[in-house]
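Note that this is a predicted model, so its numbers are computed, not measured.
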Amino acid sequence: MRIRIAVVEDEAEQQEYVRKMLERWSGQRGVSVSVTHVTCAEEYLIKYNQPDTFDILFLDVCMKQMNGMELAKKIRKYDREVQILFLTGISDYVFEGYEIGAVRYLMKPVEQNKLEEAMAVCLEKLKLRSEDYVSFKYQGEIIRLLRSDILYVEVYGHYLHMVTKTDIFEWKDSLQSMRKKLDARRFVEANRSTIVNLEYVNKITREECILENETHIHVSKGAYKGLNEAFLKFYVGSCAI
């Protein structure tokens, strides 16, 4: 596996510091990495504004002009898959980072063990992504979808209603059958009839969860605790400094 990494950092010493740690980690793990240095957010957007350019991004939070948080939000508009790790000397932006799905906030000066912990999480996510497809029979054909493209699945009687980033599918099946095909860490019950993809959840209250596309999904009393805990584990747990 060759991992494509970009370090967006305006301080040359910090760039070199992170590069050496990544080389040390890759040598120990036997993983091939390519590291691209980018000096500012504006340079990144000009040169690399396409999805699937990198697997992992290290973004300095405090850069001149556009900061790393602003850059991350722009990147997420066209690339949901790239994994983002923030480099920061302050923790002020931590909660803001949940909405863009940051893997970690690494406090400067970055410690080798902290970087290795973050890279272990990234490796696991890359492995899951490589196997991240679900197949089902739909109108006489076999449909193959990225699980990460599914927003939510709900059941009406004997029919499933699946909403993805670009399409809506409806066919005869059970929610239990579909649940077995989905990642239980990411797809969680909001009520007895609906499971949601935590990647697209912006907010959870005791009565509803609100997705990025402004869809409001009812949260049952019995499901609230499990959904909220799963959401915190999915985002807050993985964004720890």
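Using a 4.5 Å heavy-atom cutoff, the side chains of V163 and Y200 are not in contact. By the 4.5 Å heavy-atom criterion applied to side chains, N197 and L211 are not counted as neighbours. Side chains of K165 and L151 form a contact here, defined as non-hydrogen atoms less than 4.5 Å apart. You'll find the side chain of L175 reaches within 4.5 Å of the side chain of V153, heavy atoms only. Between V82 and T53 the shortest side-chain heavy-atom distance does not fall below 4.5 Å. Using a 4.5 Å heavy-atom threshold, the side chains of D55 and E81 count as separate. Using a 4.5 Å heavy-atom cutoff, the side chains of L198 and L227 are in contact. When side chains are defined from C-beta on, I56 counts as touching M119, because their heavy atoms get closer than 4.5 Å.
Enclosure of atom CD in Q28 by more than 12 non-hydrogen atoms of other residues, nucleotides or ligands within 6.0 angstrom is indicated. For K181, the NZ atom sits in a packed shell: over 12 heavy atoms of surrounding residues, nucleotides or ligands are nearer than 6.0 Å. Heavy-atom neighbours of E42 CD from other residues, nucleotides or ligands within 6.0 Å: above the threshold of 12.
The hydrophobic cluster containing L106 also contains M21, counting ILVMFWY residues as joined when their side-chain heavy atoms lie under 4.5 angstrom apart, directly or transitively. Neither I150 nor Y159 shares a network with the other; the hydrophobic side chains, linked directly or stepwise wherever heavy atoms of I, L, V, M, F, W or Y lie under 4.5 Å apart, form separate groups for each. Taking hydrophobic clusters as Ile, Leu, Val, Met, Phe, Trp and Tyr residues chained together by side-chain heavy-atom distances below 4.5 Å, I168 shares a cluster with V196.
Classification of the Y44-Y48 ring pair by plane angle, with boundaries at 30° and 60°, yields tilted. Between Y152 and H161, the two ring planes are tilted [angle within 30° to 60°].
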Chi angles and distances behind the side chain to side chain contact (heavy atoms under 4.5 Å, CB included) call for N49, Y78: CA-CA 8 Å; N49 61 346; Y78 62 84; 4.1 Å; yes
Residues R2, S34; criterion side chain to side chain contact (heavy atoms under 4.5 Å, CB included); working and verdict: CA-CA 7 Å; R2 184 172 183 80; S34 64; 3.3 Å; yes
Pair E9-K108, salt bridge (Lys or Arg N to Asp or Glu O under 4.0 Å): steps then yes or no: CA-CA 12 Å; E9 165 68 67; K108 295 180 179 181; 3.0 Å; yes
Verdict with reasoning, D52 to R4, per salt bridge (Lys or Arg N to Asp or Glu O under 4.0 Å): CA-CA 10 Å; D52 196 34; R4 303 162 299 169; 2.9 Å; yes
Criterion side chain to side chain contact (heavy atoms under 4.5 Å, CB included) on V219 and T205, from CA distance to verdict: CA-CA 8 Å; V219 174; T205 71; over 6 Å; no
Evaluation steps, side chain to side chain contact (heavy atoms under 4.5 Å, CB included), between M66 and L45: CA-CA 11 Å; M66 185 187 299; L45 292 174; 3.8 Å; yes
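Of the possible polar contacts, one joining the E70 side chain to the N67 backbone as a donor-acceptor pair under 3.5 Å is found. Of the possible donor and acceptor atoms, one in the side chain of Q15 sits under 3.5 Å from a partner among the backbone N and O of V38. Side chain of R80 to backbone of E199: a donor-acceptor contact under 3.5 angstrom is found. Judged by distance alone, with hydrogens and angles left aside, the side-chain atoms of Y17 form a donor-acceptor pair with the main-chain N or O of V110 at under 3.5 Å.
Salt bridge R29/E116: absent, no basic N to carboxylate O contact under 4.0 Å. Between K233 and E229 there is no salt bridge, since none of the side-chain N atoms of the basic residue sits less than 4.0 Å from a carboxylate O of the acidic one.
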